[in-house]
Amino acid sequence: MKYRGFFPLLLTALLILSICVTGAAAIEKPLTQAQSDFTAEGALGAGCSESALGDLLADAALEETGAQMAILPAGVMTGTLEKGAVFQSDEERVVPENAELVTARLTVADLAALLEQGVSKLSRNESEQIDATSAWDGFPQVGGFSWEYDVSAPEGERLQYIRYDGQELELTDCQSTYMVVSVPALFDGSMGYPAYSFERTGTELRQALRDYCSARDSIAVPASRSTAIGTASYPIKDRLPVMAVVIVGVLIALVASIPKWKEEKHFSFRGK
(Lines give C-alpha, C1' and ligand atoms only; values in the text may rest on other atoms or scores of the structure.)
Protein backbone atom coordinates (compact mmCIF):
# COMPACT_ATOMS: atom_id res chain seq x y z
CA MET A 1 0.00 0.00 0.00
CA LYS A 2 2.89 2.34 0.76
CA TYR A 3 3.88 2.18 -2.95
CA ARG A 4 0.42 3.13 -4.16
CA GLY A 5 1.36 6.79 -4.72
CA PHE A 6 4.80 6.00 -6.17
CA PHE A 7 3.75 4.76 -9.60
CA PRO A 8 1.71 7.85 -10.58
CA LEU A 9 4.68 10.02 -9.61
CA LEU A 10 7.03 7.82 -11.64
CA LEU A 11 4.81 8.01 -14.68
CA THR A 12 4.57 11.79 -14.33
CA ALA A 13 8.34 12.11 -14.07
CA LEU A 14 8.87 9.95 -17.14
CA LEU A 15 6.35 12.00 -19.10
CA ILE A 16 8.07 15.26 -18.13
CA LEU A 17 11.45 13.80 -19.08
CA SER A 18 10.12 12.67 -22.44
CA ILE A 19 8.71 16.12 -23.17
CA CYS A 20 12.02 17.76 -22.25
CA VAL A 21 14.05 15.41 -24.44
CA THR A 22 11.69 15.87 -27.38
CA GLY A 23 11.73 19.63 -26.96
CA ALA A 24 15.53 19.71 -26.84
CA ALA A 25 15.75 17.61 -30.00
CA ALA A 26 13.30 19.91 -31.74
CA ILE A 27 15.52 22.97 -31.13
CA GLU A 28 17.73 23.25 -34.21
CA LYS A 29 21.16 24.72 -34.03
CA PRO A 30 21.68 27.28 -36.82
CA LEU A 31 24.28 26.40 -39.42
CA THR A 32 25.17 30.01 -40.17
CA GLN A 33 23.74 33.51 -40.47
CA ALA A 34 22.52 34.93 -43.79
CA GLN A 35 23.36 38.61 -44.20
CA SER A 36 20.50 39.06 -46.67
CA ASP A 37 17.81 37.11 -48.49
CA PHE A 38 18.87 34.51 -51.07
CA THR A 39 15.96 34.06 -53.41
CA ALA A 40 15.10 32.14 -56.55
CA GLU A 41 12.08 34.36 -57.08
CA GLY A 42 11.58 38.06 -57.75
CA ALA A 43 10.44 39.93 -60.86
CA LEU A 44 11.91 37.27 -63.15
CA GLY A 45 13.08 34.36 -61.03
CA ALA A 46 15.74 31.69 -61.46
CA GLY A 47 13.93 30.26 -64.48
CA CYS A 48 14.97 33.14 -66.73
CA SER A 49 17.67 35.13 -64.93
CA GLU A 50 20.54 34.88 -62.50
CA SER A 51 19.40 34.51 -58.88
CA ALA A 52 21.12 34.93 -55.52
CA LEU A 53 20.00 31.45 -54.44
CA GLY A 54 21.29 29.96 -57.69
CA ASP A 55 24.68 31.63 -57.21
CA LEU A 56 24.87 30.34 -53.63
CA LEU A 57 24.04 26.77 -54.61
CA ALA A 58 26.47 26.82 -57.53
CA ASP A 59 29.28 28.02 -55.27
CA ALA A 60 28.40 25.37 -52.69
CA ALA A 61 28.50 22.64 -55.36
CA LEU A 62 31.91 23.87 -56.51
CA GLU A 63 33.36 23.83 -53.02
CA GLU A 64 31.89 20.43 -52.22
CA THR A 65 33.21 18.67 -55.31
CA GLY A 66 36.32 20.64 -56.26
CA ALA A 67 35.04 21.12 -59.82
CA GLN A 68 36.13 24.11 -61.90
CA MET A 69 32.68 25.21 -63.03
CA ALA A 70 29.11 24.68 -61.88
CA ILE A 71 25.89 24.82 -63.91
CA LEU A 72 22.70 24.06 -62.01
CA PRO A 73 19.25 24.03 -63.64
CA ALA A 74 16.76 26.40 -62.04
CA GLY A 75 14.38 23.55 -61.29
CA VAL A 76 16.51 22.25 -58.40
CA MET A 77 15.80 25.35 -56.29
CA THR A 78 12.76 27.24 -55.06
CA GLY A 79 11.68 29.97 -52.68
CA THR A 80 13.90 32.12 -50.49
CA LEU A 81 16.55 31.52 -47.87
CA GLU A 82 15.66 34.42 -45.59
CA LYS A 83 18.05 36.80 -43.86
CA GLY A 84 19.02 35.65 -40.37
CA ALA A 85 19.70 32.26 -38.85
CA VAL A 86 19.93 29.45 -41.40
CA PHE A 87 18.81 25.99 -40.29
CA GLN A 88 18.98 22.61 -41.95
CA SER A 89 15.21 22.71 -42.41
CA ASP A 90 15.61 25.93 -44.43
CA GLU A 91 18.02 24.21 -46.79
CA GLU A 92 15.63 21.32 -47.27
CA ARG A 93 12.92 23.83 -48.11
CA VAL A 94 14.86 25.72 -50.81
CA VAL A 95 16.24 22.48 -52.30
CA PRO A 96 12.98 20.50 -52.44
CA GLU A 97 14.48 17.40 -54.06
CA ASN A 98 17.89 16.30 -52.85
CA ALA A 99 19.51 15.98 -56.26
CA GLU A 100 22.74 14.04 -56.65
CA LEU A 101 25.81 16.00 -57.75
CA VAL A 102 27.71 14.64 -60.74
CA THR A 103 30.62 15.91 -62.83
CA ALA A 104 31.30 15.94 -66.56
CA ARG A 105 34.46 16.95 -68.41
CA LEU A 106 33.39 19.34 -71.16
CA THR A 107 35.28 21.15 -73.88
CA VAL A 108 34.74 24.88 -74.24
CA ALA A 109 32.67 24.16 -77.34
CA ASP A 110 30.52 21.74 -75.30
CA LEU A 111 30.12 24.34 -72.60
CA ALA A 112 29.16 27.00 -75.14
CA ALA A 113 26.55 24.71 -76.71
CA LEU A 114 25.09 23.96 -73.30
CA LEU A 115 24.84 27.63 -72.30
CA GLU A 116 23.43 28.55 -75.70
CA GLN A 117 20.69 25.99 -75.18
CA GLY A 118 20.10 27.37 -71.69
CA VAL A 119 19.14 30.83 -72.95
CA SER A 120 17.44 29.71 -76.18
CA LYS A 121 13.93 29.81 -74.68
CA LEU A 122 14.13 33.41 -73.48
CA SER A 123 11.90 35.97 -75.16
CA ARG A 124 11.20 39.67 -74.74
CA ASN A 125 7.89 41.37 -74.05
CA GLU A 126 6.52 44.58 -75.59
CA SER A 127 8.68 46.64 -73.23
CA GLU A 128 11.79 44.84 -74.51
CA GLN A 129 12.29 43.24 -71.10
CA ILE A 130 12.80 39.52 -70.58
CA ASP A 131 9.37 37.91 -70.59
CA ALA A 132 8.83 36.09 -67.28
CA THR A 133 6.61 33.57 -69.08
CA SER A 134 9.67 32.32 -70.98
CA ALA A 135 11.14 30.93 -67.75
CA TRP A 136 11.96 27.21 -67.66
CA ASP A 137 13.39 24.68 -65.22
CA GLY A 138 16.59 24.26 -67.21
CA PHE A 139 17.79 27.86 -67.09
CA PRO A 140 21.47 27.81 -66.03
CA GLN A 141 22.55 29.11 -62.64
CA VAL A 142 26.35 29.12 -62.76
CA GLY A 143 29.48 29.33 -60.65
CA GLY A 144 33.22 29.45 -61.27
CA PHE A 145 32.98 31.57 -64.44
CA SER A 146 31.21 34.58 -65.88
CA TRP A 147 29.24 34.84 -69.10
CA GLU A 148 27.17 37.19 -71.20
CA TYR A 149 24.25 36.56 -73.55
CA ASP A 150 22.19 38.74 -75.87
CA VAL A 151 18.45 38.14 -75.48
CA SER A 152 17.74 40.10 -78.68
CA ALA A 153 19.97 37.87 -80.84
CA PRO A 154 18.59 34.89 -82.82
CA GLU A 155 18.56 31.50 -81.13
CA GLY A 156 21.94 29.86 -81.48
CA GLU A 157 23.76 33.21 -81.56
CA ARG A 158 23.05 34.56 -78.09
CA LEU A 159 26.15 33.56 -76.14
CA GLN A 160 28.63 36.46 -76.26
CA TYR A 161 31.49 35.23 -74.12
CA ILE A 162 32.62 32.90 -71.34
CA ARG A 163 35.35 34.11 -68.97
CA TYR A 164 37.25 31.74 -66.70
CA ASP A 165 40.04 32.79 -64.34
CA GLY A 166 40.07 36.24 -65.93
CA GLN A 167 40.51 34.91 -69.47
CA GLU A 168 37.94 34.94 -72.26
CA LEU A 169 37.59 31.46 -73.71
CA GLU A 170 37.44 30.65 -77.42
CA LEU A 171 33.89 29.40 -77.87
CA THR A 172 34.82 26.99 -80.66
CA ASP A 173 37.69 25.39 -78.70
CA CYS A 174 37.28 21.60 -78.88
CA GLN A 175 40.56 20.80 -77.09
CA SER A 176 40.56 22.55 -73.71
CA THR A 177 38.36 20.83 -71.13
CA TYR A 178 36.92 21.79 -67.76
CA MET A 179 35.35 19.77 -64.95
CA VAL A 180 31.73 20.89 -64.61
CA VAL A 181 29.47 19.92 -61.68
CA SER A 182 25.70 19.71 -62.00
CA VAL A 183 22.84 17.27 -61.45
CA PRO A 184 22.17 14.21 -63.66
CA ALA A 185 19.19 15.82 -65.42
CA LEU A 186 21.47 18.42 -67.01
CA PHE A 187 23.79 15.82 -68.54
CA ASP A 188 21.52 12.87 -69.35
CA GLY A 189 19.48 14.61 -72.05
CA SER A 190 16.21 14.60 -70.10
CA MET A 191 16.01 18.41 -69.94
CA GLY A 192 16.65 18.95 -73.64
CA TYR A 193 20.35 19.64 -73.27
CA PRO A 194 22.94 17.67 -75.23
CA ALA A 195 23.77 14.40 -73.44
CA TYR A 196 27.24 14.05 -71.91
CA SER A 197 28.82 11.22 -69.97
CA PHE A 198 29.21 12.01 -66.28
CA GLU A 199 30.63 10.61 -63.05
CA ARG A 200 29.00 10.40 -59.65
CA THR A 201 30.56 12.37 -56.80
CA GLY A 202 28.95 10.51 -53.90
CA THR A 203 27.38 13.68 -52.51
CA GLU A 204 24.17 15.66 -52.96
CA LEU A 205 23.14 19.29 -53.36
CA ARG A 206 21.64 19.63 -49.88
CA GLN A 207 24.81 18.26 -48.31
CA ALA A 208 26.88 20.69 -50.35
CA LEU A 209 24.80 23.64 -49.14
CA ARG A 210 24.91 22.35 -45.55
CA ASP A 211 28.70 22.00 -45.61
CA TYR A 212 29.12 25.38 -47.29
CA CYS A 213 27.03 27.13 -44.65
CA SER A 214 28.53 25.24 -41.71
CA ALA A 215 32.03 26.30 -42.77
CA ARG A 216 31.14 30.01 -42.40
CA ASP A 217 29.95 32.24 -39.58
CA SER A 218 27.83 34.10 -42.11
CA ILE A 219 27.01 34.04 -45.82
CA ALA A 220 26.62 37.02 -48.16
CA VAL A 221 25.15 37.25 -51.65
CA PRO A 222 27.90 36.09 -54.05
CA ALA A 223 29.26 38.31 -56.80
CA SER A 224 27.20 38.39 -59.99
CA ARG A 225 28.49 36.25 -62.84
CA SER A 226 25.77 36.49 -65.52
CA THR A 227 24.98 39.45 -67.81
CA ALA A 228 21.94 39.67 -70.07
CA ILE A 229 22.10 42.35 -72.77
CA GLY A 230 19.69 43.23 -75.56
CA THR A 231 16.94 44.33 -73.17
CA ALA A 232 15.56 47.73 -72.20
CA SER A 233 17.34 47.38 -68.86
CA TYR A 234 20.70 46.66 -70.51
CA PRO A 235 20.74 47.67 -74.18
CA ILE A 236 23.63 46.65 -76.41
CA LYS A 237 24.84 50.27 -76.63
CA ASP A 238 25.72 50.16 -72.93
CA ARG A 239 28.54 47.75 -73.74
CA LEU A 240 30.48 50.46 -75.62
CA PRO A 241 33.44 51.84 -73.65
CA VAL A 242 32.95 55.39 -72.40
CA MET A 243 36.02 56.67 -74.25
CA ALA A 244 34.76 55.17 -77.50
CA VAL A 245 31.45 56.97 -77.05
CA VAL A 246 33.26 60.24 -76.39
CA ILE A 247 35.46 59.84 -79.49
CA VAL A 248 32.45 59.07 -81.67
CA GLY A 249 30.67 62.13 -80.28
CA VAL A 250 33.64 64.38 -81.04
CA LEU A 251 33.88 63.04 -84.60
CA ILE A 252 30.18 63.65 -85.18
CA ALA A 253 30.54 67.20 -83.88
CA LEU A 254 33.51 67.84 -86.16
CA VAL A 255 31.71 66.51 -89.23
CA ALA A 256 28.63 68.58 -88.40
CA SER A 257 30.72 71.76 -88.08
CA ILE A 258 32.37 71.48 -91.53
CA PRO A 259 29.52 73.26 -93.42
CA LYS A 260 29.66 76.08 -90.86
CA TRP A 261 33.40 76.48 -91.35
CA LYS A 262 32.98 76.61 -95.14
CA GLU A 263 30.26 79.21 -94.81
CA GLU A 264 32.34 81.40 -92.52
CA LYS A 265 35.33 81.16 -94.87
CA HIS A 266 33.18 82.07 -97.89
CA PHE A 267 31.66 85.19 -96.35
CA SER A 268 34.97 86.24 -94.86
CA PHE A 269 36.49 86.13 -98.38
CA ARG A 270 33.65 88.18 -99.87
CA GLY A 271 33.99 90.87 -97.30
CA LYS A 272 37.64 91.61 -98.14
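Hydrogens, waters and symmetry mates are skipped; everything else that's a heavy atom, side chains included, is used. Computed from a predicted structure; not experimentally measured.
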Please check if Leu62 and Leu169 belong to a single hydrophobic cluster, counting links between Ile, Leu, Val, Met, Phe, Trp and Tyr side chain heavy atoms closer than 4.5 Å.
no
Is it the case that the side chain of Glu116 and the backbone of Leu159 share a donor-acceptor pair, with hydrogens and angles ignored and the cut-off at 3.5 Å?
yes
State whether the side chain of Gln141 and the backbone N or O of Ser51 hold a donor-acceptor pair below 3.5 Å, judged by distance alone.
yes
Under 4.5 Å between side-chain heavy atoms, hopping through other hydrophobics if needed: is there a path connecting Val94 to Phe87?
no
Kindly say whether Thr231 contributes a backbone atom to a donor-acceptor pair with the side chain of Glu128 at under 3.5 angstrom?
no
Student check: side-chain heavy atoms of Thr203 and Asp211 closer than 4.5 Å
no
Would you mind reporting whether Asp37 and Lys83 have side-chain heavy atoms less than 4.5 Å apart?
yes
Does Glu168 have any salt bridge (charged side-chain N to carboxylate O under 4.0 Å, His left out) partners at least two apart in sequence or in another chain, and if so, which?
Arg163
Supply the atom-to-atom distance Trp147 CH2 to Glu50 CD, rounded to the nearest 0.5 angstrom.
9.5 Å
Please answer: with hydrophobic residues joined when any side-chain heavy atoms are less than 4.5 Å apart, are Val183 and Leu56 in the same cluster?
yes
Using atom types as modelled and distance alone, determine if a side-chain donor or acceptor of Gln35 lies under 3.5 Å from a backbone N or O of Val221.
no
Assess the side chains of Thr172 and Glu170: does a donor N or O sit below 3.5 Å from an acceptor N or O?
yes
May I ask you to decide if the ring planes of Phe139 and Tyr149 are parallel, tilted or perpendicular, using 30° and 60° as cut-offs?
perpendicular
Minimal heavy-atom distance between Ile130 and Ala228, with the atoms involved, is CD1-CB, 4.3 Å
Going by heavy atoms in the side chains, are Phe187 and Ile71 under 4.5 Å from each other?
no
Strictly distance-based, threshold 3.5 Å: is any side-chain N or O of Gln160 a donor or acceptor partner for the main-chain N or O of Arg158?
yes
Is the shortest heavy-atom distance from the side chain of Val151 to the side chain of Val119 under 4.5 Å?
no
Within-4.5 Å side-chain heavy-atom neighbours: Val86 and Phe38
no
Measuring from Gln88:CD to Ser214:OG, what's the distance to the nearest 0.5 Å?
8.5 Å
Spacing of Leu186 atom CG and Asp137 atom CG [to the nearest 0.5 Å]:
12.0 Å
Grab the two heavy atoms, one from Pro73 and one from Met191, that are nearest each other, plus how far apart they are.
CB-SD, 3.8 Å
Is there a donor-acceptor pair under 3.5 Å between the side chain of Tyr196 and the backbone N or O of Asp110?
yes
For Asp59 against Pro222, the heavy-atom pair lying closest together
OD2-CB, 3.4 Å
Counting only heavy atoms not in Glu92, do more than 12 fall under 6.0 Å of its CD?
yes
Distance in Å, Asp90 CG paired with Cys213 SG, rounded so as to fall on 0.5 Å steps
9.5 Å
Does any N or O in the side chain of Ser120 come within less than 3.5 Å of the main-chain N or O of Gln117, such that one atom is a donor and the other an acceptor?
yes
In terms of hydrophobic clustering (I, L, V, M, F, W, Y; side-chain heavy atoms under 4.5 Å; direct or indirect links), are Leu115 and Val102 co-clustered?
yes
CD of Glu41 to OG1 of Thr80, rounded to nearest 0.5 Å, is 4.5 Å
Looking at Leu101, is its backbone amide N or carbonyl O close enough to the side chain of Thr201 to form a donor-acceptor pair, meaning the two atoms are under 3.5 Å apart?
yes
Backbone N/O of Ser197 and side chain of Arg105: donor-acceptor pair under 3.5 Å
no
Exercise: identify the closest heavy-atom pair between Cys174 and Ala109:
SG-CB, 3.8 Å
Rounded distance [0.5 Å steps], CZ in Phe198 versus CG in Leu106
12.0 Å
Looking at Ser152, is its backbone amide N or carbonyl O close enough to the side chain of Arg124 to form a donor-acceptor pair, meaning the two atoms are under 3.5 Å apart?
no
With side chains defined as the heavy atoms from C-beta onward, is the minimum distance between Leu31 and Glu91 less than 4.5 Å?
yes
